[in-house]
**Q** 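Let me give you the structure first, and then I'll get to my questions.
Starting from 1, each residue takes its place in the sequence as its number.
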Amino acid sequence: MLCAYYDRSCDSRSLFDNLEISQDPSFEKYLNKFPVIKLDITDFSTQFNDDPSIIDKIQEALKADVREAYPNIIPNDFKGDFMEMLIKINQATGDSFIMVIDEWDAMCRESKDDTIEAYLNWLRRMFKGSNTLRVFAGVYMTGILPIMKYSKQSALNNFLEYSVTSPMGEERFFGFTREEVKQLCKEKGQNFEELEKWYDGYSIGHEHSIFNPNSVILALRAGRCDNFWQATASYEQVATYIGMNYEGLKDDIIYMLSGGKCEVNTTNFSNDMHKINSKEEVFTVLIHLGYLAYDFEEEECYIPNYEVRREMENAVKSSGWEVAQAITGSKKLLIATLAGNSDYVAQAIDKAHDENTSILSYNNENSLACVLNIAYIYAKNDYIVHRELATGKGFADLVLIPRKNVEKPAIVLELKYNKDVDAAIAQIKRKKYVSKIEQYTGDILLVGINYDKRNKHHNCIIEVVSK
């Protein structure tokens with residue numbers, strides 16, 4: 001898109017006539033006015049990743065293209081580097097270039113330190129020299145990671161950076177907004193709520209409902225929602241650090257899979273994936289990769305949607321963590337709940353409590369809701385889970401509403417503390433929690449659970465309310 005807009009070798013007006021940019025006062029000023037150089041770093045990093053001469057190969061490819069465009073200025077035996085070539089062209093013609101570098105950070109993510117250093121020096125040669133502003137009218141670099149803190153040398157701090165943690169007012173362009181997806185669903189005749197479940201959930205800057213654009217497009221083309229997540233090779237590297245369980249990372253992953261949010265300081269990360277030394281740095285990389293969403297107002301991260309949740313569960317299962325067993329156990333717990341097997345439910349809640357004592361404390365009102373959230377992780381696949389904390393002493397309830405096109409009963413859970421299971425059911429009825437889902441037309445399961453602090457066991461009773 002950027003190349004088509006700037007490139008003077010074509011007339012691209014028709015591509016933009018029906019878009020908002022055509023109404024901008026600067027539209028005519030820059031349309032098809034510049035020679036454009038486009039470079040995709042992955043074209044080279046995938047071929048020559050371990051080749052110490054990779055920078056020379058990039059330069060020679062670029063020089064060949066530019067020499068073809070300016071044969072009267074650049075002789076075949078030109079010996080200078082790429083930047084020197086551009087300086088010579090600028091001096092002879094006055095031309096200033098637009099350069100677009102896609103996947104700029106591919107080499108920083110995948111190559112060895114010496115290669116990374118040579119690559120960064122090459123970028124500095126072009127974009128931090130005395131001739132930069134004459135040679136380049138503009139430079140766009142896209143990638144996963146920010147550039148500011150790479151290497152011991154000074155960073156390319158003359159760039160404006162727009163990232164998921166600091167979008168600088170451009171957050172609505174990081175993905176599809178809610179209204180854009182609604183309009184697309186209307187045009188294509190697809191169910192908005194289903195796409196919302198699968199692909200919404202990213203909070204970027206002041207936009208709290210950003211959809212994964214690639215997955216939305218693929219779902220609209222396929223006519224159905226599915227897991228279109230594009231995993232990157234970078235995640236394999238991050239998965240290694242997840243397995244190290246920095247600072248209780250395992251507990252936080254469990255908590256986020258159950259719907260919780262975790263505090264994170266994203267400013268300490270050096271943007272170097274070869275140097276990850278803390279839980280917060282792992283979180284920050286996962287945010288940039290899209291596996292976690294980031295609420296910059298609350299400085300918290302979380303799993304954004306159903307699609308990413310499934311990918312995270314797959315990653316956890318492949319890691320060999322015990323949490324993989326918890327996910328499998330959660331599926332069995334939901335099946336037992338739907339079958340009315342109260343004894344199994346009580347035992348499963350016992351197990352969830354025992355396995356997560358490191359993140360649970362039964363000394364506050366959040367703790368009881370926490371154990372339910374974790375135990376019912378799997379339910380989030382088919383249910384919208386509403387956690388509500390009552391104002392009474394040490395109890396909480398959970399309401400599970402089936403998603404559209406899911407033919408399962410709604411579930412209302414009440415967890416009491418040193419009472420009895422009948423009291424939990426009575427609590428549901430007395431508080432009329434069922435009225436909160438009165439628009440739901442199917443059966444409702446009332447699940448009362450009591451935790452006995454003395455013997456550290458749960459008891460359960462399940463009733464069915466038919467509507």
**Q** Can you tell whether the side chains of Lys182 and Glu193 come within less than 4.0 Å, N to carboxylate O?
**A**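 No.
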**Q** With no hydrogens and no angle check, is any side-chain donor or acceptor of Glu170 less than 3.5 Å from a backbone partner on Tyr162?
**A**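 Not confirmed, Glu170 side chain does not pair with Tyr162 backbone.
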**Q** Less than 4.0 angstrom from a charged side-chain N to a carboxylate O is my criterion; do Glu180 and Arg172 meet it?
**A**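 No salt bridge links Glu180 with Arg172.
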**Q** Considering only NZ, NE, NH1 and NH2 on the basic side and carboxylate oxygens on the acidic side, decide whether Arg224 and Asp226 come within less than 4.0 Å.
**A**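 Looking at Asp226 together with Arg224, the answer is yes, because their closest N to O distance falls below 4.0 Å.
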**Q** Between Tyr376 and Val385, is there a side-chain heavy-atom distance shorter than 4.5 Å?
**A**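 No, their side chains stay 4.5 Å or more apart.
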**Q** Can you list the residues that meet the side-chain contact (heavy atoms from CB on, under 4.5 Å) rule with Ile461, with sequence neighbours excluded?
**A**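 Listed in chain order: Val421, Asp422, Ile425.
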**Q** Do Lys38 and Asp102 meet the salt-bridge criterion of a basic N to acidic O distance under 4.0 Å?
**A**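 No.
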**Q** Decide whether a cation-pi geometry holds between Lys279 and Tyr246; the criteria are a distance under 6.0 Å from NZ or CZ to the six-membered ring centre and an angle within 45° of the ring axis.
**A**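 No, a cation-pi geometry is absent between Lys279 and Tyr246.
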**Q** Quick one: closest heavy-atom pair of His206 and Glu171, and the distance?
**A**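 Distance-wise, the nearest heavy atoms are N-OE2, 2.8 Å.
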**Q** When the ring planes of Tyr199 and Phe228 are compared, do they come out parallel, tilted or perpendicular, using 30° and 60° as the limits?
**A**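 Answer is tilted, since the angle falls between 30° and 60°.
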**Q** Can you tell me how the ring of Phe192 sits relative to the ring of Phe211, calling it parallel under 30°, perpendicular over 60° and tilted otherwise?
**A**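 Geometry flag for Phe211 against Phe192: tilted rings.
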**Q** According to side-chain contact (heavy atoms from CB on, under 4.5 Å), who are the partners of Arg13, at least two apart in sequence or on a separate chain?
**A**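 Arg13 satisfies side-chain contact (heavy atoms from CB on, under 4.5 Å) with Asp11, Asp17, Phe27, Glu28, Leu31 only.
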**Q** With a 3.5 Å distance limit and no angle check, can you tell me whether Asp295 reaches the backbone of Glu298 through a side-chain donor-acceptor pair?
**A**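 The answer is yes, because a donor-acceptor pair under 3.5 Å joins these two groups.
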**Q** I'd like to check the side-chain contact (heavy atoms from CB on, under 4.5 Å) partners of Ser166; sequence neighbours left out, ordered by chain and number.
**A**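 Testing Ser166 for side-chain contact (heavy atoms from CB on, under 4.5 Å), a comparison that skips the adjacent residues, returns Ser163, Met168.
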